Protein chains: 2
Amino acid sequence: MMDKRKAILEAAVELIAEYGYTRTSMQQIADNVGVSKGSLYSFFPSKEDLIISIYEHYQQLVFERAFVVGLDNNLPPYKRFAKQFQVQFEGILEYKSYMKMHIRGESAQNSEKLQGLHHRMRGRLFNWLEQNLIDLYGESILPYKWDLMWMTQSIYTSYMGLIISSENVLPPEGLGQHIVRQIDILAKDFLQGNSVPFLDDEMMRPFSVGMDRDGAFTSFQDRERAWKALYKRIHELRNATYYFEVTDRISEESRKSKPDELVMRGLFRLLKEEETLAAKAYVLEEQLLPATED
Amino acid sequence: MMDKRKAILEAAVELIAEYGYTRTSMQQIADNVGVSKGSLYSFFPSKEDLIISIYEHYQQLVFERAFVVGLDNNLPPYKRFAKQFQVQFEGILEYKSYMKMHIRGESAQNSEKLQGLHHRMRGRLFNWLEQNLIDLYGESILPYKWDLMWMTQSIYTSYMGLIISSENVLPPEGLGQHIVRQIDILAKDFLQGNSVPFLDDEMMRPFSVGMDRDGAFTSFQDRERAWKALYKRIHELRNATYYFEVTDRISEESRKSKPDELVMRGLFRLLKEEETLAAKAYVLEEQLLPATED
DNA sequence: ACAAAAAATGACTATATAGTCATAAACATC
DNA sequence: GATGTTTATGACTATATAGTCATTTTTTGT
């Protein structure tokens, strides 16, 4: 139907998560969706484009919404940090197959585009962690930030793997608290001057993503706030599902290299039909589609 | 020459580390070694056997020797633990390409044998960590062992990745100390009853490797001790290099599915020529080649 | 120097699969 | 319901590569 594209993405994720990129053929994917191979190629010019689209589609779903929702409250820093992890883990549970694929590092050889995507993703993870550390401990934590961030991301990633492979469901909330608790212990030890930092800026340069280098990146904080406000309103509605579908589509479109402005405008129009959303939708629209003089 | 097999393994590791298993062809490997494709198949019956042999060969080199040498001293538990990490990291630096391949999880589809190898490997890692935790903190650490072990292995693995990908050489000694320091902080916090454990035996069953299920595994502790004693003696010799070559060869042979007993006996004979090694060599020989009534 | 044995070679086979495109089915419009 | 247009199909092409094996080269023994 209308979302055959999505069906293809979903089937492809399942198969690639299970068998890996090279051992999943386009024919298999086509058979799984129930369309012909030719159709696949009318949606995705090549297998590589298909996997890139998968990453674009799901990275969004899992990470960005989690970032956004995580910020969506006025909790004190410690609890907010834990909540953010929780939301991440919830997203991971929801999109297990994608995360499996992601963790297995499945990809077409060395696609430039994909590498860029991963690099930006990792950079965002670190920026996000840094922001939280500063919120929690102030600037005095900065000399130890790399060690803390490195250990945090490694613990985070490994629990993620555990969630994905485990039969038992690990409770996301408890896990979020647990991780923050451990970081806190390590951070306080550093602050008390008991441990010496091991990593420094120089060494970690490859993991830094300049906030200013990438336009899309610079405005991310503002965009995040706008998303945050909108989602909050939608949550309060009865037919939230419908509006989430619309925002998902907006989100998807805005990720494309050349988003279709008319499509975006149209989607925002749909949101504005619900008057309680109109204001917030407008703010987000401004963020994503700045006025013509750009 | 004599070690064309080894040359093939080395070339294969380099290529697979760089391009991945599926994107490395037997032809490429052959070209890199400078032999024909046909020759490859006289050493390894299939591509799958080749990659299995790679794992068997290097896992040995990187992990077992590190375990052994790590135990090879009478340091107090804390320092010994740090030293063991150090030795591991040194091994990792030495066999960067292999570790790259290992981390990327390169392998033939789902080879039964390879999965077994990995499972045992991971089990040993956890057993090793558990032993060290008990040495450090006594039995009272057991309720928290899974959380500590899980975080430790995730930190360990991620620093391993950093070592491999980083241009700068991270000093293995400092890194070993650093990791043990962080574990210590977390452990003490658990022992003081400030944190609640998150993982339990039930949940972590897939990661437990029964010490008794696998014969080779049961005797590992004793074998380790025997290796330890022998290495120590060799270290004290002037021409240690030669004897290390012999022990390496023994080590390699003993890992094969069907070690050639005569080869082993001969190699041990060489060791016994140096009288200061004779006794220790005998003990190890007993471990690796128990008397005929088996 | 020769013959027999062992080792190495690379052209060849079988198979898998990304991507194409002429044809067919579905749909739209009058 | 006839005609034109869009969309879907799957047989087909081109290519890559694991694995084989008859032939050639090297080594060994006398």
Side-chain angles (χ1 to χ4, degrees), chain A residues 1-56 101 104 106-114 260 262-263, chain B residues 1-56 101 104 106-114 260 262-263:
Chain A
M1 298 292 122
M2 195 48 248
D3 49 1
K4 195 179 286 182
R5 194 189 131 95
K6 206 173 158 191
I8 294 170
L9 288 175
E10 280 166 11
V13 164
E14 293 300 326
L15 289 167
I16 294 175
E18 174 126 20
Y19 305 108
Y21 178 77
T22 34
R23 277 182 293 278
T24 300
S25 71
M26 293 297 264
Q27 189 61 63
Q28 269 173 281
I29 297 169
D31 291 349
N32 255 266
V33 188
V35 297
S36 70
K37 193 147 64 106
S39 286
L40 252 57
Y41 283 92
S42 73
F43 287 96
F44 308 97
S46 73
K47 198 182 179 187
E48 185 177 330
D49 281 84
L50 172 55
I51 200 169
I52 290 173
S53 299
I54 289 174
Y55 275 106
E56 284 173 343
M101 177 189 119
R104 284 182 54 169
E106 293 299 341
S107 75
Q109 56 257 7
N110 292 321
S111 156
E112 279 275 311
K113 200 168 172 185
L114 219 43
D260 185 326
L262 287 180
V263 169
Chain B
M1 298 291 122
M2 195 47 250
D3 50 358
K4 197 180 286 182
R5 195 189 130 96
K6 206 173 156 190
I8 294 170
L9 288 174
E10 280 168 10
V13 164
E14 293 299 326
L15 289 167
I16 294 174
E18 175 126 21
Y19 305 108
Y21 178 77
T22 33
R23 276 182 294 280
T24 300
S25 71
M26 293 297 261
Q27 190 60 63
Q28 268 173 282
I29 296 169
D31 291 349
N32 254 265
V33 187
V35 298
S36 70
K37 192 148 64 105
S39 286
L40 252 58
Y41 284 91
S42 71
F43 287 95
F44 308 97
S46 72
K47 198 183 179 186
E48 185 178 330
D49 280 85
L50 172 57
I51 200 169
I52 289 173
S53 299
I54 289 174
Y55 276 106
E56 284 174 342
M101 178 188 118
R104 283 182 56 169
E106 294 299 342
S107 75
Q109 56 259 9
N110 291 323
S111 157
E112 279 276 311
K113 200 168 173 187
L114 217 45
D260 186 326
L262 287 181
V263 169

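Here is the naming used below: chain letters follow the sequence lines, and residue numbers restart at 1 for every chain. Remember, it's a predicted structure, so these values are computed and weren't measured experimentally.
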(message) Using whole Å, what does the distance between atom P of nucleotide dT7(D) and atom CG of L40(A) come to?
(response) 17 Å

(request) Give the C-alpha distance, both sets of side-chain angles, the deciding distance and a yes or no for side chain to side chain donor-acceptor pair (under 3.5 Å) between D31(B) and Q27(B). (result) CA-CA 6 Å; D31(B) 291 349; Q27(B) 190 60 63; 3.1 Å; yes

(request) Among dA8(C), dA8(D), dT9(D), find the nucleotide with the atom closest to the side chain of V35(A). (result) dT9(D)

(request) Grab the CG-C1' distance between L15(B) and dT17(D) for me, whole Å please. (result) 15 Å

(request) Rounded to the nearest 0.5 Å, what's the gap from CD1 on I52(B) to CD on E48(B)? Could you check? (result) 4.5 Å

(message) Nearest whole Å is fine: how far is dA16(D) P from Q28(B) CD?
(response) 12 Å

(request) Select base, sugar-phosphate, or nothing to describe what S25(B) touches, counting heavy atoms under 4.0 Å on all strands. (result) sugar-phosphate

(request) Measure from CZ on F44(B) to P on dT20(D) and round the result to the nearest Å. (result) 16 Å

(request) Identify, between G38(B) and Y41(B), the residue whose nearest nucleotide on DNA chain D lies closer to the 5' end. (result) Y41(B)

(request) Return the value, rounded to whole Å, for the distance between atom OH of Y19(A) and atom C1' of dT17(C). (result) 17 Å

(request) Quickly work out the L50(A) CG to dT17(C) P distance and round it to whole Å. (result) 16 Å

(message) Can you tell me which nucleotide in dG19(D), dT9(D), dA8(C) comes closest to the side chain of K37(B)?
(response) dG19(D)

(request) Starting from P on dA18(D), measure out to CZ on R23(A) and report it in whole angstrom. (result) 12 Å

(request) Indicate whether OP1 or OP2 belonging to dG10(C) is found under 4.0 Å from a side-chain N or O atom of S36(B). (result) no

(message) Classify K47(A) by what it touches in the nucleic acid, base, sugar-phosphate, or nothing, heavy-atom distance under 4.0 Å.
(response) sugar-phosphate

(request) Answer yes or no: is there a donor N or O on one side and an acceptor on the other, between the side chain of K4(B) and the main chain of V33(B), under 3.5 Å? (result) no

(request) Keeping the roles fixed (side chain from R5(A), backbone from F44(A)), state whether a donor-acceptor pair exists under 3.5 Å. (result) no

(request) Give the rounded distance in Å between these two atoms: CE of M26(B) and C1' of dG10(C). (result) 15 Å

(request) Locate the shortest heavy-atom distance separating M101(B) from I54(B); write the atom from each residue and the value. (result) CE-CG2, 3.5 Å

